[in-house]
Number of protein chains: 2
Amino acid sequence: MTAPAKGRLRVNRGSLDVRDRLIEAALAEFAARGYDGASTRTIAAKAEAHQPQINYHFQSKDELWRAAVERLLDEMAATMAEHTEGIDRHDDAAMLAAIIGGLVHFAARRPELNRIMMHEGTTLGPRLTWLVDNHLEWRFADLVYRWDAVTALGVAAPLPSGILYHLLLGAASLLYANAPEARLLGVDPDSPELIEAHAEALVSMLLPGR
Amino acid sequence: MTAPAKGRLRVNRGSLDVRDRLIEAALAEFAARGYDGASTRTIAAKAEAHQPQINYHFQSKDELWRAAVERLLDEMAATMAEHTEGIDRHDDAAMLAAIIGGLVHFAARRPELNRIMMHEGTTLGPRLTWLVDNHLEWRFADLVYRWDAVTALGVAAPLPSGILYHLLLGAASLLYANAPEARLLGVDPDSPELIEAHAEALVSMLLPGR
DNA sequence: GTCTATAATTAGATAGAC
DNA sequence: GTCTATCTAATTATAGAC
């Protein structure tokens with residue numbers, strides 16, 4: 001059977017390669033220029049494909065965007081799993097420290113996700129509501145739950161839990177999301193020493209009682 | 001003499017009003033949708049003007065963008081001046097505390113500037129280099145200078161100065177820059193109590209020895 | 001699945017009457 | 001200064017040959 005599988009379960013190597021390259025090119029363009037600023041022609045060219053192949057492999061520019069975001073979210077989940085590996089999931093302080101460190105390291109390695117979220121978070125629209133409903137809400141709730149726990153333990157900085165999510169993500173990721181700006185200012189956001197110092201400082205600032 | 005003054009020194013009230021409305025509409029649109037996503041037609045409509053008036057009062061979409069950003073930067077400077085009023089400019093710890101608080105309050109009241117900077121900071125281009133060269137570089141340097149001073153005094157969190165700028169701006173402004181996202185998550189970024197708690201928490205986290 | 005050609009829409013900018 | 005009409009270029013999406 002060499003016939004291509006239908007839907008997303010395709011096995012054919014050639015088409016998988018194109019889909020793959022299109023997603024990779026798309027997430028870079030969406031991150032750099034925002035949804036409106038990214039053109040499907042530019043994305044296709046970057047993937048060494050033709051523009052109509054986007055509408056063949058994905059229904060629309062919008063679906064391509066979703067596929068790109070979901071790839072990034074999967075990678076973030078994998079990074080977070082690595083960083084929390086072996087930690088007692090009920091040890092909220094240890095889990096939070098690992099989560100904070102994981103967020104910094106992921107933002108440094110794959111700044112595209114934070115870039116896309118900062119682009120989309122500035123205006124209410126279907127992409128933002130899709131993001132929140134499908135991917136952000138439970139992460140937010142999990143973070144708040146753990147924060148309330150460590151606050152009760154006296155380990156946390158005096159920060160209302162409603163503020164935590166954005167303060168943490170902003171502090172962890174802006175340096176990498178806006179890496180082009182940082183470089184113009186003389187900072188090297190790719191330095192492993194800087195990234196590690198960043199992660200450690202953020203943990204000690206948010207969990208000073210640890 | 002009822003003839004209109006030339007260049008930017010115009011006195012005519014009618015034209016000043018249009019310029020003013022166009023700038024206000026433009027900064028809202030650029031902040032919400034990014035430079036590419038904002039259309040001059042939409043901006044003109046929001047300002048109750050016609051699209052060609054943008055090219056009459058400004059040379060181009062690009063110049064309109066600059067005018068909008070400069071208005072926001074002027075407002076930020078005014079807010080920072082209020083917050084640092086009466087403080088000894090050589091008292092670096094007190095100045096930094098006031099600057100941190102001022103940044104949080106300004107981001108909450110006028111999130112457009114941080115939104116625009118987050119949009120532009122994701123890719124290297126003429127607008128970003130203009131921002132850095134003309135407005136960001138000296139602010140960055142001032143912040144680093146003061147941070148090194150309070151670090152020597154043992155007042156600061158253990159944070160390399162190269163990280164400070166983006167960590168501080170991200171922690172101070174993402175909640176307001178991405179206010180639509182925060183609202184979907186059940187947070188109210190307009191609450192005065194939340195804003196004040198945010199400012200105080202950030203000061204105590206960054207300057208624990210104070 | 002790929003590729004060329006193109007449809008349908010919208011973008012920023014300009015010409016010229018008033 | 002304002003406003004209508006329009007130019008040129010770019011956009012996403014589709015049709016149809018291969």
Side-chain angles (χ1 to χ4, degrees), chain A residues 1-23 25-27 29-30 32-68 119 123 125-127, chain B residues 1-23 25-27 29-30 32-68 119 123 125-127:
Chain A
M1 290 287 271
T2 54
K6 53 184 170 178
R8 319 219 135 153
L9 301 173
R10 67 192 70 229
V11 194
N12 185 290
R13 207 197 46 231
S15 59
L16 241 185
D17 277 354
V18 181
R19 268 187 71 97
D20 205 60
R21 294 201 313 270
L22 284 172
I23 289 179
L27 63 89
E29 283 295 300
F30 286 134
R33 309 184 197 285
Y35 183 84
D36 290 302
S39 98
T40 55
R41 273 181 165 79
T42 306
I43 292 169
K46 201 172 204 166
E48 291 180 292
H50 294 95
Q51 187 249 352
Q53 290 179 277
I54 288 178
N55 295 89
Y56 176 79
H57 289 283
F58 307 87
Q59 219 183 48
S60 62
K61 184 183 182 182
D62 213 83
E63 286 231 353
L64 174 61
W65 180 87
R66 281 176 165 77
H119 285 309
T123 194
R127 289 190 300 279
Chain B
M1 289 286 271
T2 54
K6 55 185 171 179
R8 318 222 136 152
L9 301 174
R10 68 192 69 229
V11 194
N12 184 290
R13 208 194 48 227
S15 59
L16 242 185
D17 275 354
V18 181
R19 268 187 72 96
D20 205 60
R21 295 201 312 269
L22 284 172
I23 290 179
L27 64 87
E29 283 296 301
F30 286 135
R33 310 183 196 286
Y35 183 83
D36 290 301
S39 98
T40 55
R41 276 179 163 81
T42 305
I43 292 169
K46 201 172 203 164
E48 291 180 291
H50 293 95
Q51 188 248 353
Q53 290 179 274
I54 287 178
N55 295 91
Y56 177 79
H57 288 283
F58 308 87
Q59 218 181 49
S60 61
K61 183 183 183 182
D62 213 83
E63 286 232 353
L64 173 61
W65 180 88
R66 281 177 165 77
H119 285 308
T123 194
R127 290 189 299 279

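Within every chain, numbering begins at 1; the chains are lettered A, B, ... in the order of the sequence lines, protein sequences first and strands thereafter.
- Take the nearest nucleotide of DNA chain D for A/Q59 and for A/T42: the residue whose nucleotide is more 5' is A/T42.
- We find that CZ of B/R21 is positioned 13 Å from P of D/dG1, with the value rounded to whole Å.
- Dashed line: the shortest gap from a side-chain N or O of A/H50 to OP1 or OP2 of C/dC3 is under 4.0 Å.
- Across D/dT11, D/dG1, C/dC3, the shortest atom-to-atom separation from the side chain of A/S39 is found for D/dT11.
- The CG atom of B/L64 sits 10 Å away from the P atom of C/dA13 (whole-angstrom rounding).
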For the pair B/R127 and B/D62, evaluate side-chain contact (heavy atoms from CB on, under 4.5 Å) and give the outcome as yes or no after the intermediate values. CA-CA 8 Å; B/R127 290 189 299 279; B/D62 213 83; 4.1 Å; yes
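- Test B/E29, B/Q51, B/Q53 against B/T40 for side-chain hydrogen bond (donor to acceptor under 3.5 Å, both in side chains) and you get one pass: B/Q51.
- Of the candidate nucleotides D/dA13, D/dT2, C/dA13, D/dA13 has the atom lying nearest to any side-chain atom of A/S60.
- Side-chain atoms of A/K61 lie closest to D/dA13 of the nucleotides D/dT4, D/dA13, C/dC3.
- If you take CZ of A/F58 and P of C/dG1, they are 12 Å apart, rounded to a whole angstrom.
- An OP1 or OP2 oxygen of D/dC3 is reached within less than 4.0 angstrom by a side-chain nitrogen or oxygen of B/Q53.
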Report each atom pair, protein N/O against N/O of nucleotides 5-7 of chain D, whose distance is under 3.5 angstrom.
none

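- C/dA11 atom C1' lies 15 Å from atom CZ of B/R33, rounded to whole Å.
- Here the closest heavy-atom approach between residue A/A68 and residue A/I23 is recorded as CA-CG2, 3.9 Å.
- If you check D/dT2, C/dC3, D/dT11 against the side chain of B/H57, the one that comes closest is D/dT2.
- Between A/Y35 and A/F30, the ring planes lie parallel to each other; the angle is under 30°, not in the 30° to 60° tilted range.
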